[in-house]
> 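One structure is given below, represented as structure tokens, and several questions about it will come after.
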Amino acid sequence: MLVEYVITRKINSEIQLNAALDFLLHHPLPPVDWAKFERESGVGVVITPDQIEAAVEEVIGKYKKELQEKRYKFNMGTLMGEARSKLKFADGKIVKNEVDMQVLDLLGPKTEADLEKPVKQKAAKEQNNSGAKQGAKKEFPPTDSFVSDAGEVKSFMEIMGQAMKFHKPGENYKTDGYVITPSTMDLLKKHLTEIGGKVHTRFPPEPNGILHIGHAKAINFNFGYAKKHGGNTYLRYDDTNPEKEEEKFFTAIKNMVEWLGYKPFQVTHASDNFDKLYAYAVDLIKRGHAYVCHMKSEDLKGFDTPDSPWRDRPIEESLQLFEDMKNGKIGEGEATLRMKTTLEEGKKDPVAYRIKFTPHHRTGNKWCIYPTYDYTHCLCDSIENITHSLCTKEFQSRRSSYYWLCNALDVYCPVQWEYGRLNLNYAVVSKRKIAKLINEGYVRDWDDPRLFTLTALRRRGFPPEAINLFCAKVGVTMAQTVIDPSMLESCVRDVLNVTAPRAMAVLDPLKVTITNFPPDQATSLTVPNFPADEKRGSHSISFKPVIYIEKSDFRESADKNYKRFAENQSVGLRHAGYILTAEKVVKDGSGNVTEVVASCKKTNDTEKPKGFIHWVSDPLVCEVRLYERLFFHKNPEDPSEVPGGFLSDINPESLKIIPQAYVDSTVKNAKVLDRFQFERLGFFAVDRDSTPAKMVFNRTVTLKEDPGKN
């Protein structure tokens with residue numbers, strides 16, 4: 001019928017055609033109200049030039065004063081939009097010509113001032129260039145993009161904004177590829193009533209490994225989208241493979257979801273629905289859409305598999321055999337239940353159930369048949385009334401079978417949306433390969449800070465807000481994304497720069513004895529937690545005649561480019577208000593400097609030094625762990641890049657342990673995972689290996705490199 005309307009020119013513009021298609025999409029089932037269809041599609045509507053002229057004149061009159069002030073720098077799109085809204089079916093080109101003509105009549109031809117491009121305002125120069133000098137206060141980088149007015153790091157969806165626009169709940173039928181059956185509209189009405197019109201999503205991990213950075217994107221996407229729209233998100237464990245599932249993975253997954261700032265609407269398991277899934281499978285056989293097959297698993301691998309000789313076996317026979325499978329009368333590998341459909345990737349008749357004589361952690365020995373992902377996923381989505389089934393792009397080839405199975409059983413069918421995976425260079429996230437790294441002693445466990453599992457990133461000191469910020473910056477697209485870890489580290493620095501209090505630490509200590517330490521000098525100093533914002537609190541540090549500095553901050557002789565401490569060059573002490581001058585250098589038998597004897601003067605009493613250095617006095621002795629990339633190559637799993645396999649690409653210098661670092665004693669009450677910026681060194685977090693006798697710090701990330709540092 002729509003074609004007939006076009007042929008007879010009752011619908012004769014793109015605007016009318018789009019309106020007609022939109023109407024039919026909203027009313028997919030017969031009978032069609034053709035009178036309403038014609039009204040909504042503009043059939044018979046004629047827009048005269050006089051109507052267009054009058055509508056444009058009305059809009060220009062509304063904005064006349066602003067037009068005369070801004071002239072041609074006014075946003076003409078506003079005029080077009082309002083004129084078009086008054087005349088829905090008017091030809092856009094004719095409306096634009098009328099707008100241009102009336103604007104020209106009002107303002108006259110463009111002048112030279114109208115043709116000038118707007119001048120971009122240059123960033124104001126710093127009033128004081130001393131910030132580049134050692135010891136001067138350094139301002140934080142602009143944080144408008146990720147810090148809210150309340151001073152908190154924005155959420156994933158606040159940063160993403162309106163970038164993600166999907167169908168409204170109940171409007172599944174408007175999406176591309178969605179299959180409409182005679183039951184669809186009734187099922188959608190029931191679904192909409194049960195969810196109260198709210199968005200419902202789910203995060204469905206397999207509990208057979210620890211979540212990694214790619215999962216963080218999925219968590220943010222599913223929980224963030226629902227939260228943005230006032231909806232709910234299920235944490236659903238896809239526990240259909242009892243051989244590989246462990247309780248520690250269930251616990252760790254939930255902990256990571258909550259660590260990222262999200263609270264599940266409900267925690268569910270695929271196994272909650274085993275009885276219902278089995279009943280659905282029986283129904284599928286009865287409807288002629290599934291059969292019991294005896295082909296071996298090796299014969300079902302790949303895409304060009306032979307047709308099953310049991311595909312057309314009688315329904316009653318498949319029902320009996322499927323019951324025998326459930327009752328343990330058939331051995332493992334001797335039978336499967338297969339669905340009569342073909343995946344988009346070409347795989348024929350995917351398996352719905354297989355036999356496994358393995359106890360399940362929740363259902364015990366009740367079942368010896370377990371459903372597959374292809375069967376379970378869409379039906380659990382349907383049972384939980386999921387509105388948006390968000391998954392990575394590799395599942396795009398399963399979308400048609402997802403819709404097919406729901407429709408074959410005549411149950412509510414959610415909409416599947418795909419997005420590109422998030423991958424990092426210099427990383428391995430495969431559960432099997434991480435397990436190999438652990439078992440062969442290359443890393444300690446799933447939370448080894450050199451890995452990109454979420455537990456590892458947390459242990460290293462990455463704040464959850466930084467991971468969410470990273471996921472938002474990467475965005476949600478269809479393209480598979482491979483990102484350099486430096487982008488993630490940049491997000492970590494951005495967040496820690498405004499959240500991690502400052503402290504001082506010395507990783508390679510050199511003793512300095514101050515011979516003329518003022519007798520009236522207090523032995524403690526008050527230092528701001530955030531030097532750029534002193535209103536955010538302070539802490540007290542020891543200041544005594546013996547201090548410790550970094551060995552790398554002292555040379556016996558300074559050249560013209562060197563800005564720190566030397567026998568022939570004084571240096572300032574950060575926060576102390578004193579300048580050190582070397583008086584004597586003490587060496588050991590090998591000629592190594594072991595101590596510097598120095599004198600001090602107040603900064604106001606002597607010439608300003610080239611640089612200021614950090615230091616500690618009366619410090620805590622701590623262990624500090626410094627991390628580098630675990631792999632040398634960007635793609636350690638790529639045979640063309642690493643022919644010897646990923647284990648041959650391990651960086652033996654990826655972990656350096658400093659057992660006797662000196663840290664400002666004010667950190668002694670810090671808890672595990674508390675984070676600090678050790679001035680001039682980087683960001684560090686308290687490790688869980690810390691004891692009352694000795695604290696352990698992990699370096700989270702270094703500070704931004706300063707190419708002029710010397």
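Just so you know, these numbers use all the heavy atoms, side chains as well, and skip hydrogens, waters and symmetry mates. All of these numbers come straight from a predicted model, not from anything done at the bench.
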> Could Glu679 and Arg574 be called an ion pair, given the rule that one side-chain N must be under 4.0 Å from one carboxylate O?
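Yes, this pair counts.
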> Going by salt bridge (charged side-chain N to carboxylate O under 4.0 Å, His left out), name the pairs with one or both residues in residues 433-443, residues two or more places apart or in two chains.
Lys433-Glu637, Lys436-Glu440
> Would a distance-only check, ignoring hydrogens and angles, find a side-chain to backbone donor-acceptor pair under 3.5 Å from His539 to Thr526?
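No, the answer is negative, given that no donor and acceptor are paired below the 3.5 Å cut-off.
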> Could you tell me which residues satisfy ring-ring contact (aromatic ring centres under 6.0 Å, His included) with Tyr548, sequence neighbours excluded, listed by chain and number?
Tyr662
> Would you mind checking if Lys601 and Glu607 are paired as a salt bridge, meaning a charged N to carboxylate O distance below 4.0 Å?
no
> Could you tell me if the side chain of Phe684 sits less than 4.5 Å from the side chain of Leu681, heavy atoms only?
yes
> Go through the structure and list residues passing salt bridge (charged side-chain N to carboxylate O under 4.0 Å, His left out) with Lys560, not counting sequence neighbours.
none
> Report yes if some heavy atom in the side chain of Phe543 is under 4.5 Å from a heavy atom in the side chain of His575; otherwise report no.
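They are not in contact (no side-chain heavy atoms under 4.5 Å apart), so the answer is no.
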> Under the side chain to side chain contact (heavy atoms under 4.5 Å, CB included) rule, what do Gln677 and Met504 come out as? Steps first, then yes or no, please.
CA-CA 8 Å; Gln677 183 192 119; Met504 291 194 288; over 6 Å; no
> Donor-acceptor pair, distance only, cut-off 3.5 Å: does the side chain of Arg564 make one with the backbone of Ser552?
yes
> Examine distances only and state if a side-chain atom of Arg493 and a backbone atom of Thr702 form a donor-acceptor pair shorter than 3.5 Å.
yes
> Would you say NZ of Lys244 has more than 12 non-hydrogen atoms from neighbouring residues, nucleotides or ligands within 6.0 angstrom?
no
> Minimum heavy-atom separation for Val512 and Leu580, please, with both atom names.
CG1-CD1, 4.0 Å
> Checking Asn698 side chain against Arg459 main chain: does a donor-acceptor pair fall under 3.5 Å?
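Here the side-chain-to-backbone pair exists.
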> Could you check whether any side-chain heavy atom of Ser540 comes within less than 4.5 Å of a side-chain heavy atom of Val527, counting everything from C-beta outward?
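They are not in side-chain contact.
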> Salt bridge check, Arg555 against Asp559: does any charged N sit closer than 4.0 Å to a carboxylate O?
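Result for this pair is yes, salt bridge flagged.
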> Stepwise, does the side-chain hydrogen bond (donor to acceptor under 3.5 Å, both in side chains) test hold for Arg421 with Thr392?
CA-CA 6 Å; Arg421 286 182 71 115; Thr392 48; 4.8 Å; no
